[in-house]
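Below is one structure, written out as structure tokens; the observations come after it.
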Amino acid sequence: MTAVLIDGKAVAARVRATLKDEVAAFTAATGIQPGLATVLVGGDPASEVYVASKRKSSVAVGLADLHQHLPEDATQQQVEELLHRLAADPAVSGILLQLPVPAHLDAAPLIELIPFEKDVDGLTTMSVGLLAQNKPGLRPCTPSGVIELLDAYDVPIEGANVVVIGRSELVGRPVAQLLVNRNATVTITHSRTKDLAAVCRTADIIVAAVGVKGLVTADFVKSGAAVIDVGIHRGPEGLSGDVDFAPAAEVAGFITPVPGGVGPMTIAMLLGNTLRAAQLQHSLASASASASASA
Ligand code: NAD
């Protein structure tokens, strides 16, 4: 392998260690312990594992675990009531509605009940708009993790030609926006793109968020390019990604493995968002207190 391996586990560990100090400093300065309310409806086994991991990681960096669990047969109204309560609760810095919710529920209007300053997943229309306008707000976790990895390995983003494969709301679109906001020249490709390999060969950075195992072959990769693999596929030989790793690593300059690349960054960025949410709420509350004092 000739590419530099981008070690997501190591970068995520550094992010968490820094965050632990930042959470402690924020709590010492304000008396506020930031808290994350994960909301799980029902008992989907994969969701239970993800939520347990988010809760454990939160506590490890000093965040309060404010987890909420509703039964599988919870009604839309019950979930709405819970989200309203969490939105109004000053002890709750961040709210994360674990997806997917059971099939009888409509996730989209539920997500919209999360106030932008508590939207640690960055999925509400308000957060998406703030990102599109490059205004301060909470950014989606996996896309932010991609940027963090590129920065950690000093891969230049400004002026780079980036090809993002995939246009999902969760990954493709937001990662493209984050890259544009960092002055990259970004091409978003998708299932209708013509000659994807040729488009990818123009890229200094490829971000594969496509959900097709091994789609990105060595033939897609310009010599020396950075290849970031967001895909996760479970198979008999374990986890793999959207990139055909070994051959691509012979051409790329930098490459993320699966597992151990983008995956570990997602929770680390969620924890960072929870602290940022608490900071944002604290500054909004201070601004509103000084506005009423001077009124
Ligand atoms: P998605 O299915 O919502 O979107 C996939 C996108 O890829 C679509 O926009 C589609 O147009 C495009 N696409 C599909 N087939 C294509 C093809 N042949 N050529 C070009 N484009 C094609 O998926 P998603 O939610 O964005 O997730 C993508 C992958 O990332 C999945 O494997 C998912 O498991 C993984 N993922 C990983 C993390 C993480 O933490 N590492 C987080 C989210 C998603």
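Each ligand, and each atom within it, is numbered from 1 in the order the structure gives. Keep in mind the model is a prediction, meaning the values are calculated, not measured.
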### Query
Between Leu66, Leu270, Val92, which is the residue that forms a side chain to side chain contact (heavy atoms under 4.5 Å, CB included) with Leu36?
Leu270
Quick one: which of [options] has a heavy atom closest to [atom]?
| atom | options | result |
| --- | --- | --- |
| atom 13 (N) of ligand 1 | Ile165, Val210, Leu196, Val216 | Val210 |
| atom 21 (N) of ligand 1 | Met269, Arg234, His190 | His190 |
| atom 35 (C) of ligand 1 | Val230, Ile188, Val175 | Val230 |

Which residue holds the protein heavy atom closest to [atom], what is that atom called, and what is the gap in Å?
| atom | value |
| --- | --- |
| atom 18 (N) of ligand 1 | Leu215 CD1, 4.0 Å |
| atom 26 (O) of ligand 1 | Ser168 OG, 2.5 Å |
| atom 11 (O) of ligand 1 | Ser191 N, 3.3 Å |

### Residue part near ligand 1, for Thr142, under 4.0 Å between non-hydrogen atoms
side chain
Please could you name the atoms of ligand 1 that [X] approaches to less than 4.0 Å, counting only its heavy atoms?
| X | result |
| --- | --- |
| Thr266 | 39 (C), 40 (O) |
| Gly231 | 29 (C), 30 (O), 32 (O), 35 (C) |
| Arg167 | 6 (C), 8 (C), 9 (O), 11 (O) |
| Gly263 | 41 (N) |
| Gly166 | 6 (C), 7 (O), 9 (O), 12 (C) |
| Ala209 | 5 (C), 6 (C), 7 (O), 26 (O), 28 (C) |

### Task
Examine Val171 against ligand 1 and note whether any of their N/O atoms are separated by less than 3.5 Å.
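No - when backbone and side-chain N and O of Val171 are compared with those of ligand 1, no distance drops under 3.5 Å.
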### Query
Between Asp242 and ligand 1, does any nitrogen or oxygen pair lie at a separation below 3.5 Å?
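No: no nitrogen or oxygen of Asp242 is under 3.5 Å from one in ligand 1.
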#### Entry: Side chain to side chain, Phe254 and Leu150, heavy atoms closer than 4.5 Å
no
### Query
Of the non-hydrogen atoms in Ile32 and Thr27, which two are nearest, and what is the gap between them?
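Ile32 and Thr27 have their closest heavy atoms at O-OG1, 3.0 Å.
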### Closest contact, heavy atoms only, Ala226 versus Val155
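Minimum heavy-atom contact is CB-CG1, 4.0 Å.
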### Query
Charged N to carboxylate O below 4.0 Å: is that the case for Asp65 and Lys56?
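No, no charged N to carboxylate O under 4.0 Å.
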### Message
Under 3.5 Å, is there a donor on one side chain and an acceptor on the other for Thr38 and Gln98?
### Response
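No.
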### Nearest-0.5 Å distance, CD1 of residue Ile206 to CG of residue Asn161
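One finds 11.5 Å between CD1 of Ile206 and CG of Asn161.
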### Message
I need the Glu72 CD to Leu105 CG distance, nearest 0.5 Å.
### Response
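So the gap between those two atoms works out to 8.5 Å.
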### Message
Treating Asn273 as the side-chain partner and Val120 as the backbone partner, does any N or O pair qualify as donor plus acceptor under 3.5 Å?
### Response
yes
